[in-house]
Every structure is written in C-alpha cells, then in structure tokens.
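Just follow the structure's listing: the first ligand is 1, and inside any ligand the first atom is 1. Predicted model, so just to flag it, every value in this text is computed and none were measured.
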Amino acid sequence: MVKNPFTPTFGVNPPLLVGRDDLIEEFAASLDDGPGASGRATIYTGARGTGKTVMLNKVQEVAKKNGWLVISETATPGFVNRLAMIHLPSILTDLVDQGKKRISGVTLPFGAGGATWDNPTATTVATNFRSQLELVTDILVEYETGVLITIDEIHYRQIEELREFGATIQHAFRESRNVAFAAAGLPSAVSPVLNDDVLTFLRRAERYNLGRVGLSDVEEAIREPIEKNGRQIDAAACTKAAQATGGYPFLIQLIGQYIWRQHPKEKTITSSDVAEGITAARRRMGSLVYEPALADISSVDRTFLVAMSQDDGPSKMSDICSRLGVSANYGGQYRLRLIEAGMIESTAYGEVDFVQPLLREYLGDRAVSLGGQVVDSTQAQ
Ligand SMILES: Nc1ncnc2c1ncn2[C@@H]1O[C@H](COP(=O)(O)OP(=O)(O)OP(=O)(O)O)[C@@H](O)[C@H]1O
Ligand SMILES: [Mg+2]
C-alpha cells in the first residue's frame, strides 16, 4: 500500500507547495539583484497554519540552490547569541578548512546545494554577532556568495534581541555585504516589532501576509500528490475537497490526509470518500487549528468571534456591537485586531466574516447564550 502523501504537521513541507510562486520568485530575484535589494529583508506573516515556516524552508532551499550559506534560527531567548557563538563560528571553521584545502590544490566551492548549519558542533568562541557576520561575509566575497539568516516565530517578547539583530543586519546592508534575512511570525506578534522606533529597518522590510490559496491551486495541491502516488480522484470530488479547505494551507493537508485514508487500497478517491474524509477531518480541526488560534487572541476578541458565530453568513458590525453592548468605536477596535490576526475579514462596508468558515460552526457549538449575554466557553488559559 502506498504511503499517505499528505503532511498535516506544522513546519513540515507539503508534497506540493502551491500559491506561493510569486513570493518565491521575489525572494530569488533579491539574491540575484545584489546587496541593497529590498527583498533581502523579508517578513512573512499569517495566521497559524498558513505556511510561514514552510515559506522559510522554501527560501532556504532557493538560497542553497544559489550556493548561499543558510542559518536557520527561531526567535527564542538567546538567538542572537546562538548566531554569534555557534552558527557563525561554525561557518567560519568550515570556511577556513575549505580555504586550507584550496591552498593544497583540492578546491572547493559550495556549488549548487550550498550548505546549512542547523546543528553546529564547532567549538564556540566568545565574540559578538556583528564581528562574526563581518568575518564570514568578508570571506564569502571570494566565493561570490552570501549568507541567508532565517528567523522563525518573531515575537515582540524578544524585542531587545531583535533590536540587536536588526542593527547588525542593517549595518551589514549599509556596507553592501551579501546578507539576506527572512523572518516569519503571527501578525499580532510581529506588528509591535514593526512599530518599534528602533527597528525602522524592519519596517522597511518586504512584508507579505500569507493568506488563503486560490481554489484551483488547492485542487492542484490535492490532486497532484494523489496521482504521483498511484491513485486518482474524480474532478467533482477534488473540487469538493478543495472547497472544504477554504484555501487554508493546513486544511489542504489535513483534508487531503483524511480523504486518502477512507479507502487507501482503492485506486480512485470518490465523492463519498471526500464527504467522509471532510467529516473526519473536521473533528480534528478543533484541537489542531481552532484552539491554538483562539489561544493566541485575547478573551475580549474571542467574545467578538462568538458573537459573530450567531450569524449564518457575514455579520453586520452594528449587530455585533449591540450583541456585545459596546460602542461602534470600541467594536471597530476589535475588528481591526481580528483582521490583523487573520481571523476575520471585511466582506462589505460595515460587514465582517470569518476567514475560515468552519470556525463559525466550531464556535457556534461552544457558545452558550446566558440572559442575552454571550459567554465564551472556549476561554483558553
Ligand atoms: N502553500 C501551501 N500549499 C500546500 N500546503 C501548505 C502550504 N503552506 C503550508 N502548507 C501545509 O500547511 C501546514 C502548516 O504550515 P506551516 O507549519 O508552515 O504553518 P505556519 O504558518 O508556520 O504555522 P504556525 O503559525 O503554527 O507556526 C503544513 O502541514 C504544511 O505542509
Ligand atoms: Mg510555523
């Protein structure tokens, strides 16, 4: 039996990445364009499961193909130190070794494929990030290549370190060093970072919000892995599965996995496999998608979503405000925060809707209305 090709796991590359070609090209062009290209500082934002980590994986791949060196980090405490004391020294050790080989006539370069130092083992040297980056980029001039640093899960909690990081990268850019930087984070965690007075450099970075993927791309992301793995899916069934994802990348994988699972030994995935698969996938979405997403926002914002879930379609802002007993002005602030968090979108003047239609059902099942007051029973934390 063929292995199920779908990957509903955070951070794991999908069998087929769709809808991001433009972004990938933008990034690749920035490497070719040389120091000063704006895409050499790029930030991807998006709600949970929209594919931020996978985008960072992709730009790393692109950089490596171009012979660049890649360092991959997460913005957890101490990340600048890890860059300065582990990643960059490890690269330096390698570069020095390569240089020695070349002197003895064995020659090197990184060539296509590049190299990554995710788990550096070199002995660490007490030093600072800026001097290490300068040393590395000075040597890389010889090889006509550069270094890409990716930082996942950017969060304002790490603002001090991000300032230090940003100042060094900015300095490297000014000196026309071959450095590129790509970061990712939830919009609500990234916004305060971008508004920081000291981090003007990050504000100028290219910022892309990873949203939904178009229906035809979703169909391709479902069909191609199925066919590549020796099975097939009816056209109508594939459309139905794609529609159920709402274009949300994580659901492409989750629904894909469940529709494949129904009758894995059969050649064809039928409409009834899709219907059953969607039902089964829905049962998992609460804990995999909605609970973490709701935990990321404040309890007042959750109450706003619960109030929206009473409507069958888009909600009128005026209705929501009266349900919550708040002024239009106050309601407008919730609205902005939730749009930024990627949870809701504006559908028409004075109207909002869920980005993920199934979230309405999920909240509707959990909200209890007590004496006209909406009580949010999803209260995380
Ligand atoms: N463009 C895409 N096409 C198909 N599948 C995708 C795409 N982008 C992401 N995925 C799949 O969606 C899931 C979530 O991706 P990823 O872990 O990158 O999301 P994320 O935005 O980093 O989430 P989090 O905020 O929780 O870190 C993974 O299973 C991944 O394979
Ligand atoms: Mg991620």
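A distance of 6.0 Å or more separates the ring centres of Phe181 and Phe173.
Between Met308 and the options Leu359, Leu363, Ile344, Asp319, a side-chain contact (heavy atoms from CB on, under 4.5 Å) holds for only Ile344.
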- Item | Evaluation steps, side-chain contact (heavy atoms from CB on, under 4.5 Å), between Val179 and Arg40 | CA-CA 7 Å; Val179 174; Arg40 285 193 175 196; over 6 Å; no
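Summarising the local packing, NE2 of His263 is surrounded by 12 or fewer heavy atoms from other residues, nucleotides or ligands at distances under 6.0 Å.
With hydrogens left out, the protein atom closest to atom 31 (O) of ligand 1 is Val12 O, 2.6 Å, a heavy atom. The protein non-hydrogen atom at the shortest distance from atom 25 (O) of ligand 1 is Lys52 NZ, 2.7 Å. Closest to atom 27 (O) of ligand 1, if we only count protein heavy atoms, is Thr53 OG1, 3.9 Å. Among protein heavy atoms, the minimum distance from atom 3 (N) of ligand 1 is reached at Val18 N, 3.3 Å. The protein heavy-atom contact nearest to atom 23 (O) of ligand 1 is Gly49 N, 2.9 Å. Here the heavy atom of the protein found nearest to atom 28 (C) of ligand 1 is Thr9 O, 3.3 Å. Scanning all protein heavy atoms for the shortest distance to atom 10 (N) of ligand 1 gives Pro249 CB, 3.7 Å. Considering only non-hydrogen protein atoms, atom 18 (O) of ligand 1 sits nearest to Val54 N, 2.9 Å.
Near Thr50, meaning under 4.0 Å from one of its heavy atoms, ligand 1 places the atoms 19 (O), 21 (O). Each of the following atoms of ligand 1 lies closer than 4.0 Å to a heavy atom of Gln253: 4 (C), 5 (N), 11 (C), 29 (O), 31 (O). Interface atoms of ligand 1 facing Leu16, defined by a heavy-atom separation under 4.0 Å, are 3 (N), 4 (C). Under a 4.0 Å criterion applied to the non-hydrogen atoms of Phe250, ligand 1 contributes the atoms 12 (O), 13 (C). Close contacts between ligand 1 and Pro14 involve ligand atoms 4 (C), 5 (N), 6 (C), 31 (O) [criterion: under 4.0 Å to a heavy atom]. Remark: ligand 1 atoms within the under-4.0 Å shell around heavy atoms of Gly11 are 16 (P), 17 (O).
Between the CD atom of Glu73 and the CD1 atom of Ile149 there is a distance of 9.5 Å, given to the nearest 0.5 Å. In this structure, the separation between CG on Leu69 and CG on Asn178 is 10.5 Å, given to the nearest 0.5 Å.
A cation-pi arrangement is found for Arg261 relative to Tyr258, the charged atom lying closer than 6.0 Å to the ring centre and inside a 45° cone about the ring normal.
Using a 4.0 Å cut-off between charged nitrogen and carboxylate oxygen, Arg323 and Asp311 count as a salt-bridge pair.
The main-chain N or O of Ser191 is found under 3.5 Å from a side-chain atom of Asn195 such that the two form a donor-acceptor pair. A donor-acceptor distance shorter than 3.5 angstrom exists from the side chain of Ser327 to the backbone of Tyr330, with no hydrogens or angles considered.
Of the listed residues (Ala47, Gly51, Pro8, Pro292), the one carrying the non-hydrogen atom nearest atom 16 (P) of ligand 1 is Gly51.
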